[in-house]
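Structure first, commentary second.
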Amino acid sequence: SFLSIPLLTPDSSVTEHYGMYFSTIKRNLSITKIKKQNYFQTGGFIGGLTFFKKDIFIELNGFDEKYPFCIDDYDLSARAYLRGHKIYTLTNCVAYHIKEKNLSRESTLKKLAWKRKYELCGFTRMLLKNYRLKNIIIWFPLAAGWIFIKALKLSMRYRTFKPLLSYAKSVVYFLFDFKDTIYQRRIIQSKRTVKEDLFLKINPPR
């Protein structure tokens with residue numbers, strides 16, 4: 001029901017953007033290796049490189065627009081699997097992501113801090129809405145801890161507390177919207193047609 005293509009930067013032949021996976025850390029693969037399989041199933045689609053039927057998008061109620069980052073693609077992918085849909089990556093074409101060059105340290109840090117502000121609240125909202133209770137117990141502390149470690153590493157790398165402060169803001173957003181998150185969970189879980197959280201069982205291509 002959803003179809004993505006790999007995403008690369010113009011100066012690289014390897015990428016980790018060949019699909020999203022909920023229960024494993026992806027590793028970089030060369031586009032040559034990726035293309036050895038014409039297509040493969042993924043846990044989630046790449047956010048800006050997705051093809052789908054409009055009626056399916058409407059059936060799933062579209063994107064969750066609560067936060068501007070770290071919820072759209074993961075959340076809609078999980079909801080798609082709960083309603084019996086599947087997601088694939090097609091490899092006979094690729095897209096290139098042209099990034100801004102020569103950003104100052106301050107500009108780079110500002111962008112990173114902005115993303116960290118929504119990473120915890122966005123990902124954990126997705127998790128609480130879509131996962132079965134037994135999987136929430138396993139994955140919630142792991143996700144929150146991993147996101148904290150990433151923020152800590154950024155703070156150490158740039159020698160500033162800004163990423164950690166952004167993490168703290170994300171915790172506040174999560175708590176503030178907790179009631180609405182649980183309300184959305186009741187709706188999603190009442191409409192799911194698949195018993196298991198299948199998106200957690202899909203691994204990257206070997």
Side-chain angles (χ1 to χ4, degrees), residues 1-4 17 19-26 41-89 114-151 165-204:
S1 299
F2 291 83
L3 190 66
S4 289
H17 302 298
M20 295 195 307
Y21 302 89
F22 288 78
S23 57
T24 185
I25 297 175
K26 292 184 297 183
Q41 192 173 0
T42 66
F45 56 78
I46 301 299
L49 296 169
T50 314
F51 302 87
F52 52 85
K53 289 184 177 181
K54 182 180 178 181
D55 57 349
I56 294 175
F57 185 77
I58 294 173
E59 172 201 335
L60 297 172
N61 293 322
F63 289 121
D64 184 334
E65 299 181 359
K66 176 63 71 173
Y67 308 119
F69 179 71
C70 202
I71 189 171
D72 50 0
D73 40 19
Y74 272 109
D75 182 65
L76 187 56
S77 295
R79 283 188 279 127
Y81 271 103
L82 296 184
R83 298 289 289 272
H85 298 291
K86 293 182 179 180
I87 301 168
Y88 285 84
T89 292
W114 180 85
K115 289 183 176 181
R116 298 292 83 77
K117 188 166 63 173
Y118 299 107
E119 189 169 20
L120 175 80
C121 58
F123 193 82
T124 52
R125 177 177 168 89
M126 178 281 301
L127 192 154
L128 289 178
K129 285 168 54 182
N130 299 298
Y131 287 31
R132 296 180 67 195
L133 181 59
K134 68 174 185 178
N135 289 325
I136 290 175
I137 293 171
I138 296 171
W139 288 103
F140 187 91
L142 291 175
W146 175 243
I147 293 169
F148 173 77
I149 289 172
K150 290 200 295 181
L165 289 174
S166 293
Y167 180 88
K169 289 179 181 179
S170 199
V171 172
V172 172
Y173 293 156
F174 166 76
L175 294 174
F176 183 81
D177 294 318
F178 182 77
K179 185 177 179 180
D180 179 68
T181 299
I182 298 304
Y183 172 74
Q184 296 297 327
R185 171 181 174 78
R186 293 195 188 103
I187 295 174
I188 291 168
Q189 295 300 315
S190 68
K191 293 182 178 180
R192 68 184 293 165
T193 59
V194 178
K195 183 178 180 181
E196 295 295 325
D197 297 339
L198 295 181
F199 49 84
L200 287 172
K201 300 182 178 182
I202 301 172
N203 295 313

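As the structure is a computational prediction, the values presented were derived from the model and not from experiment.
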Which is it for K201 and F22 under the side-chain contact (heavy atoms from CB on, under 4.5 Å) test, yes or no, and what are the steps along the way?
CA-CA 8 Å; K201 300 182 178 182; F22 288 78; over 6 Å; no

Using the benzene-type ring in the case of Trp, are the ring centres of F45 and Y88 under 6.0 Å apart?
no

Looking at [X] and [Y], what are the two nearest heavy atoms and their distance?
X	Y	result
G43	S77	O-CB, 3.7 Å
S4	T50	OG-OG1, 4.0 Å
N203	S23	OD1-OG, 4.2 Å
D64	K129	OD2-NZ, 2.7 Å

Validation row: [X], [Y] side chains within 4.5 angstrom (heavy atoms):
X	Y	result
D73	M20	yes
Y21	I202	yes
H85	E59	yes
Y173	K66	no
R125	Q184	yes
D75	N130	yes

Going by ring-ring contact (aromatic ring centres under 6.0 Å, His included), name the residues that satisfy it together with Y81, two or more places apart in sequence or in a different chain.
none

Between [X] and [Y] (side chain of the first, backbone of the second, donor and acceptor by atom type, cut-off under 3.5 Å), is there such a pair?
X	Y	result
R116	L120	no
S170	K117	yes
R192	L82	no
R185	I188	no

Specify whether F52 and F2 have parallel, tilted or perpendicular ring planes, treating 30° as the upper limit for parallel and 60° as the lower limit for perpendicular.
tilted

Parallel, tilted or perpendicular: ring planes of F69 versus W114, cut at 30 and 60 degrees
tilted

Sequence neighbours excluded and cut-off under 3.5 Å, please list the side-chain donor-acceptor pairs for residues 135-147, or say none.
residue	atom	partner	partner atom	Å
N135	ND2	D197	OD2	2.7

Which distance, rounded to the nearest 0.5 Å, do you find between the [atom1] of [X] and the [atom2] of [Y]?
X	Y	atom1	atom2	result
Y74	F199	OH	CZ	12.0 Å
L3	T89	CG	OG1	7.5 Å
L198	I87	CG	CD1	11.0 Å
I182	Q189	CD1	CD	10.0 Å
Y118	C70	OH	SG	12.5 Å
T181	D177	OG1	CG	6.0 Å

Is the number of heavy atoms from other residues, nucleotides or ligands within 6.0 Å of NZ (K26) greater than 12?
yes

Looking at K150, I'd like to know if its NZ atom is crowded, meaning that more than 12 non-hydrogen atoms belonging to other residues, nucleotides or ligands lie closer than 6.0 Å.
yes

Would D72 and Y67 count as a side-chain contact (heavy atoms from CB on, under 4.5 Å) if you check the C-alpha gap in whole Å, the side-chain angles of each, and the deciding distance to 0.1 Å?
CA-CA 8 Å; D72 50 0; Y67 308 119; over 6 Å; no

Kindly state each residue pair satisfying ring pair (Phe, Tyr, Trp, His ring centres under 6.0 Å) with at least one member in residues 176-195, sequence neighbours excluded.
F174-F178

